[in-house]
Amino acid sequence: MDSNPALAARTTGAGLRRLTIAVIGGSLTGPVTALLLLRAGFDVTVYEATPASAPLGGGLIGLEHTALDVLDRLDIPQREFIAYDSETIRQVAIRDRQPEQTVLRTYPGRNTTWTLLHRALAARVPAGVLRKGTRVTGLTEDAGRPVLRFTDGNTETADLVVFADGRSSIGRRLLDPARKLHYAGYVAHRGIATSTPQPDLRDFVRLEPCPGAQFNIAPVPGGCDWTFYLGCTAAEYEQRFGATPTRRVFALPRHITPAARTHVDEHADYLLPSDHAAVVRATTTRMAVPVLDIDPPTRMVWPVGDGHAVLLGDALAPVRPHTARGANNGIEQAAGLAVALTQHYRWGADLPTALNGWQRRHLPTAVAAVRQGPVIGDKLGLGAR
């Protein structure tokens, strides 16, 4: 038995030293990863670049059953983040601003919003685990252990660094710099409205007025969330939102210029039924997200000294929203990573082999989603061809 109680407390049942894990990113995938690893008994710290005072927000998110099951296992009841339990997708063809044909589909999951899910996750991250306002600038190694460097000059060591820091991931830039984001040629204009086209709106509705445009709307607490996909050149995006698409990957409400608002309103009046166009025009809180592509990843794990670094979710491979795989990929990858690491510390499984096995299982799904996005966009007439 080890004579040092502190060291003994950090030793696993297999006689291995318990891994210290740094999770980069505090949006959705990062907190899910942290909660899974904390429950498995690891020492975890989450580093989020956004200061505590900065506003955060996001849009509608579809969670498939596999992702919902992960949240179930974290004891997060669905009533906390699922406001409407409809599984129905109404796909409506629009001609001359009138519904022409409706096809009903069933989604294998539930819809939530970034705000509801993030609130449920954040409420369960223990005090002291999340460090906001800590932006990573570099990753090196010292004495065999990965070392994170931050903008304030501080450093932190870890055995494993998990980058779950989204589309503009510093982790991807450090570990896989050849894979850069490139603009797909259209924008997801988003709005959070305090009214709905119909008072009984409960389903996810997709309006397809013509090739090159799509309008999605769904109920959220207090109103509805809508997304209007419209073509836009890179130059037009910079003019309307103040920066290039690959630099301003989220245009927040303060970035929405009068020209951008007018552009969306005019297209709503021209393409959508009058009740939907009225909701668009009445929406004050708006955002915009340029649709971005990236080359498919070829790996998820990198050695750093004797330790490792991994990429998860959008940090690994941001996907087009039409795939509905962004949050699902991140949550499923996080759950798989927790399983691999648990087998290492509980039963002594070889760590590099466990991580490579995790990569082998999840990388093909990420690659498939990256490739599927442009195919769907082409069918809808969206994006550069």
Side-chain angles (χ1 to χ4, degrees), residues 27-29 58-64 66-67 89 91 105 107-109 111 114 163-169 171-173 176 178-190 204 206-218 225-234 236-237 244-251 287-300 311-333 359 362-385:
S27 179
L28 298 181
T29 302
L60 203 70
I61 296 172
L63 295 178
E64 297 180 12
T66 48
I89 298 175
Q91 185 172 327
R105 305 185 187 279
Y107 176 65
N111 290 316
W114 184 95
F163 286 101
D165 51 339
R167 297 202 296 172
S168 297
S169 170
R172 191 190 325 119
R173 294 201 298 270
D176 203 2
R179 288 197 309 125
K180 300 184 184 301
L181 297 172
H182 44 93
Y183 179 47
Y186 62 105
V187 174
H189 300 274
R190 284 198 52 248
F204 181 97
R206 175 176 295 135
L207 304 184
E208 297 182 347
C210 64
Q214 185 186 77
F215 184 82
N216 298 335
I217 189 167
D225 186 292
W226 55 261
T227 304
F228 202 1
Y229 295 99
L230 294 170
C232 178
T233 68
E236 289 170 337
Y237 185 90
T244 63
T246 53
R247 180 184 171 194
R248 180 151 291 158
V249 299
F250 293 100
M287 287 166 272
V289 182
V291 178
L292 302 172
D293 289 323
I294 197 168
D295 291 339
T298 59
R299 61 192 298 187
M300 301 171 73
L311 296 178
L312 287 184
D314 284 351
L316 172 71
V319 298
R320 296 200 190 187
H322 310 294
T323 67
R325 285 301 307 172
N328 289 290
N329 280 350
I331 292 172
E332 292 170 15
Q333 292 160 10
Q359 174 179 266
H362 290 277
L363 185 60
T365 302
V367 170
V370 169
R371 290 175 172 164
Q372 183 187 30
V375 174
I376 297 174
D378 283 349
K379 290 181 178 178
L380 298 171
L382 290 166
R385 302 194 177 196

Open item on the list: As an exercise, state the distance from CG of L312 to CZ of F163, rounded to the nearest 0.5 Å.
Closed with: 11.0 Å

TODO: Output the distance between atom CD1 (I217) and atom CZ (F228), rounded to the nearest 0.5 Å.
DONE: 11.0 Å

Say whether, by atom type as modelled, one donor and one acceptor occur between the side chain of [X] and the main chain of [Y] under 3.5 angstrom.
X	Y	value
R172	D165	no
Q359	R299	no
N328	G62	yes
Y183	T244	no

- [ ] Name the orientation class of the two ring planes belonging to F215 and W226 (parallel below 30°, tilted from 30 to 60°, perpendicular beyond 60°).
- [x] parallel

Task: Sidechain N-carboxylate O distance under 4.0 Å for R325, E332 - done: yes

- [ ] Examine R167 relative to F250 and say whether NZ or CZ is less than 6.0 Å from the centre of the six-membered ring and inside a 45° cone about the ring axis.
- [x] yes

Open item on the list: Does R247 have more than 12 heavy atoms from other residues, nucleotides or ligands lying within 6.0 Å of its CZ?
Closed with: no

Open item on the list: The test is side chain to side chain contact (heavy atoms under 4.5 Å, CB included); show your working for V249 and L292 and say whether it passes.
Closed with: CA-CA 8 Å; V249 299; L292 302 172; 3.7 Å; yes

Open item on the list: One pair to check against side chain to side chain contact (heavy atoms under 4.5 Å, CB included): L28 and I61. What are the steps and the verdict?
Closed with: CA-CA 11 Å; L28 298 181; I61 296 172; 3.4 Å; yes

